[in-house]
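As structure tokens, the structure follows; a few thoughts come after it.
We name chains A, B, ... by the order of the sequence lines, and we start the count at 1 in each one. Reckoned from all heavy atoms, side chains included, excluding hydrogens, waters and symmetry mates.
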There are 2 protein chains.
Amino acid sequence: MTRVLVIDDEPSILRALRINLTARNYEVSTASDGTSGLAAVSRERPDAVILDLGLPDMDGTEVIHGVRGWSTTPIIVLSVWGAEHQKVAALDAGADDYVTKPFGMDELLARLRAAVRRAAPAAPDEPVVTTPGFTVDLAAKRVVRDGADVRLTPTEWQLLEILVRNRGRLITQKQLLQDVWGPAYGSESNYLRVYVAQLRRKLEPEPSRPRYLLTEPGMGYRFQA
Amino acid sequence: MTRVLVIDDEPSILRALRINLTARNYEVSTASDGTSGLAAVSRERPDAVILDLGLPDMDGTEVIHGVRGWSTTPIIVLSVWGAEHQKVAALDAGADDYVTKPFGMDELLARLRAAVRRAAPAAPDEPVVTTPGFTVDLAAKRVVRDGADVRLTPTEWQLLEILVRNRGRLITQKQLLQDVWGPAYGSESNYLRVYVAQLRRKLEPEPSRPRYLLTEPGMGYRFQA
DNA sequence: GCCAATCTTGACGTTTTCCTAACGCCCAGC
DNA sequence: GCTGGGCGTTAGGAAAACGTCAAGATTGGC
């Protein structure tokens, strides 16, 4: 299910969006100011963000920048009619699209679908990666080894997913930490050591001599297919 | 965040641009002459360059040529009013746009945004360099030789990356030392001898008679493709 | 409110990398 | 033929990074 975060300070809009989006089978969460909005993006990793530019605590473009610093989640901006400079600033900051208030729900939904669709092609190719030792199904979020499912915790899965999606490529420690734990992390490489070790224990034929989850000392990790 | 390098010898302009760009959430770095400007482009790989044509140490078009030899980063040129021939020469040399001093900050920002946007989709900067002996994949941070991965330490990789990104060009010892070890270094050429030797041992067919990692006695090193 | 699963955190032994010094070679200049 | 500077090569101890384990702290479901 597609998860959408709505950041808006007007309860009526929040309510209308929640009802309409839920009815169309989106999973909706909300925030009513920029600070909690940024926290929510970091915490929930929504598939899309709907952001009202007129927030009480900070400028909308600041929120966009805060998100764009580490994530490419599509952002659709709501702005009042006539605030052209604001719209331009928001798009420059990295927003994907905008809708002028008052807006038709159909238009918003269309733009939301488009934005999510545009962001999707991250997974067009090979949603299943196979090695001699195990198989990773990215779409189904499943790992099979010796015919049996391997049970992974959420954090283990996120880590594995990033490495597998970038198979062959070296991913730096900082990037892994930010993608899995959020933008506030970047130097806690001990987390990585613990979770990589757990993945190796569950996936590698010889966990102490890894064949697929390789360490590049001082730089990061690499998934070798 | 978009990273912009400003090359200008007038402190007041440098200051004004830094303030305005930083406020718009660009990441700004500066250089005050052509030599250090070229070094900074190589080192920082900015997303755009703002270049004043009137530099103390070299002609602006030389700087453009120096950059265009290996990079397609957008370059916006600042020139005084009336210097038409200079502007033409700069555009011929590969500049993307120009702004005449004195300039309005809004205009410069607009042109900067346009240049960055234009560059964005069409800049898959050949991340893989091949020689008869081995292959360097800059994006994946990977070196393959005879079908097998070559293992490089972080320092070895940094050194190789700089030389490969500037392939064909002579890089001075001082620049290599500063780029890899930091600005406090510049005369420790023995470091370079040790690490270049290690790279040659891992990459060259005949390490004692290098074909790709060439020494320029008294000057520096060069990667020959 | 309790329990199980998961996530953090710290400690310790091992591996890898980095820095540094020493030595030999080559070549130019005297 | 001696001398000195720049370069290549090697090796070993110091420092940093890594793997591993296990004990708290948190979280979420019942």
Side-chain angles (χ1 to χ4, degrees), chain A residues 29 39 42-45 141 143 149-161 163 170-174 176-182 184-222, chain B residues 141 143 149-161 163 170-174 176-182 184-222:
Chain A
S29 58
S42 162
R43 186 176 59 246
E44 299 167 5
R45 310 306 168 88
K141 292 202 193 304
V143 180
D149 275 26
V150 179
R151 191 169 168 60
L152 296 184
T153 72
T155 306
E156 287 166 5
W157 173 258
Q158 282 188 67
L159 195 56
L160 180 65
E161 180 170 0
L163 289 170
L170 168 64
I171 312 294
T172 64
Q173 302 172 2
K174 189 175 174 189
L176 287 170
L177 284 165
Q178 296 200 339
D179 284 358
V180 176
W181 278 269
Y185 295 76
S187 60
E188 292 78 355
S189 62
N190 49 325
Y191 291 16
L192 291 177
R193 293 207 294 280
V194 170
Y195 280 93
V196 170
Q198 282 172 1
L199 283 174
R200 295 212 255 239
R201 187 143 17 97
K202 293 182 178 180
L203 301 179
E204 291 276 2
E206 288 181 89
S208 57
R209 220 110 57 63
R211 237 183 101 187
Y212 307 110
L213 297 163
L214 306 182
T215 303
E216 301 279 355
M219 299 194 281
Y221 292 88
R222 183 201 304 275
Chain B
K141 288 210 195 318
V143 180
D149 277 27
V150 179
R151 190 157 238 308
L152 296 184
T153 72
T155 307
E156 287 165 6
W157 175 258
Q158 281 187 68
L159 196 56
L160 180 65
E161 183 169 357
L163 290 170
L170 166 62
I171 313 294
T172 65
Q173 300 178 355
K174 188 175 176 186
L176 286 170
L177 283 165
Q178 295 196 341
D179 285 358
V180 175
W181 279 269
Y185 295 76
S187 60
E188 292 78 354
S189 62
N190 49 326
Y191 291 15
L192 291 177
R193 291 206 294 281
V194 170
Y195 280 94
V196 169
Q198 281 173 1
L199 282 175
R200 296 213 254 240
R201 184 142 26 94
K202 293 181 178 181
L203 300 180
E204 291 277 1
E206 289 180 89
S208 57
R209 220 112 55 63
R211 233 182 107 187
Y212 306 109
L213 297 163
L214 307 182
T215 302
E216 302 278 353
M219 300 289 297
Y221 293 87
R222 179 202 305 274

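By the side chain to side chain donor-acceptor pair (under 3.5 Å) test, A:R201 pairs with no residue at all, sequence neighbours left out. With sequence neighbours excluded, no residue satisfies side chain to side chain donor-acceptor pair (under 3.5 Å) with A:T172. Remark: A:R193 engages no residue in a salt bridge (charged side-chain N to carboxylate O under 4.0 Å, His left out) (not counting sequence neighbours). With sequence neighbours excluded, the residues satisfying side-chain contact (heavy atoms from CB on, under 4.5 Å) with A:Q173 are A:S189, A:L192. Under the side-chain contact (heavy atoms from CB on, under 4.5 Å) criterion, A:R45 pairs with A:R3, A:W70, A:Q158, sequence neighbours left out. Take A:D179 and apply the salt bridge (charged side-chain N to carboxylate O under 4.0 Å, His left out) test, not counting sequence neighbours, and it matches no residue. Every residue two or more places apart in sequence or in another chain that forms a salt bridge (charged side-chain N to carboxylate O under 4.0 Å, His left out) with B:E216 is listed here: B:R222.
A distance of 6.0 Å separates CH2 in B:W181 from OH in B:Y195, rounded to the nearest 0.5 Å. Summarising the geometry, atom CG belonging to A:L214 is positioned 8.0 Å from atom CG belonging to B:D149; distances are rounded to the nearest 0.5 Å.
Atom C1' of nucleotide D:dA11 and atom CZ of B:R201 are separated by 11 Å, given to the nearest angstrom. When rounded to the nearest whole Å, the span between CG of A:L192 and C1' of D:dC18 equals 11 Å. Between B:R222 atom CZ and D:dC7 atom C1' there is a gap of 18 Å when expressed in whole angstrom units. The distance from atom CG of B:L199 to atom P of D:dG8 is 12 Å, rounded to the nearest whole Å. Across the protein-nucleic acid pair, A:E206 atom CD and D:dG19 atom P stand 16 Å apart, rounded to whole Å. The CZ atom of A:R209 sits 17 Å away from the C1' atom of D:dT20 (whole-angstrom rounding). We find that CE of B:M219 is positioned 20 Å from P of D:dG5, with the value rounded to whole Å.
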Can you give each donor-acceptor pair under 3.5 Å made by side-chain atoms of residues 150-157 of chain A, sequence neighbours left out, with the distance rounded to 0.1 Å?
residue: A:T153; atom: OG1; partner: A:E156; partner atom: N; Å: 3.3
residue: A:E156; atom: OE1; partner: A:T153; partner atom: N; Å: 3.0
residue: A:E156; atom: OE1; partner: A:K202; partner atom: NZ; Å: 2.8
residue: A:E156; atom: OE2; partner: A:K202; partner atom: NZ; Å: 3.4
residue: A:W157; atom: NE1; partner: A:E161; partner atom: OE1; Å: 2.9

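For D:dC18, the OP1/OP2 oxygens have a side-chain nitrogen or oxygen of A:Q173 closer than 4.0 Å. For A:Y221, a side-chain nitrogen or oxygen approaches OP1 or OP2 of D:dG19 to under 4.0 Å. Taking 4.0 angstrom as the limit, A:T215 places a side-chain polar atom (N or O) nearer than this to OP1 or OP2 of D:dG19.
Sorted by first and then second residue, the salt bridge (Lys or Arg N to Asp or Glu O under 4.0 Å) pairs involving residues 203-213 of chain B (not counting sequence neighbours) are B:E206-B:R209.
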(request) Assign a letter to each nucleotide of nucleotides 23-30 of chain D from its 5' end: B, base within under 4.0 Å of a protein heavy atom; S, sugar-phosphate only; -, no contact. (result) --------
Atom pairs under 3.5 Å, N or O on each side, protein against nucleotides 17-22 of chain C: can you list them with distances?
residue: C:dC18; atom: OP1; partner: B:T155; partner atom: N; Å: 3.0
residue: C:dC18; atom: OP1; partner: B:T155; partner atom: OG1; Å: 2.4
residue: C:dC18; atom: OP2; partner: B:T153; partner atom: OG1; Å: 2.6
residue: C:dC19; atom: OP2; partner: B:W181; partner atom: NE1; Å: 2.9
residue: C:dT20; atom: OP2; partner: B:Y191; partner atom: OH; Å: 2.1

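Summary of helix geometry: the two end axes of the helix from C:dG1-D:dC30 to C:dC30-D:dG1, each defined by five base pairs via their C1' atoms, are inclined to each other by 30° (rounded to 10°).
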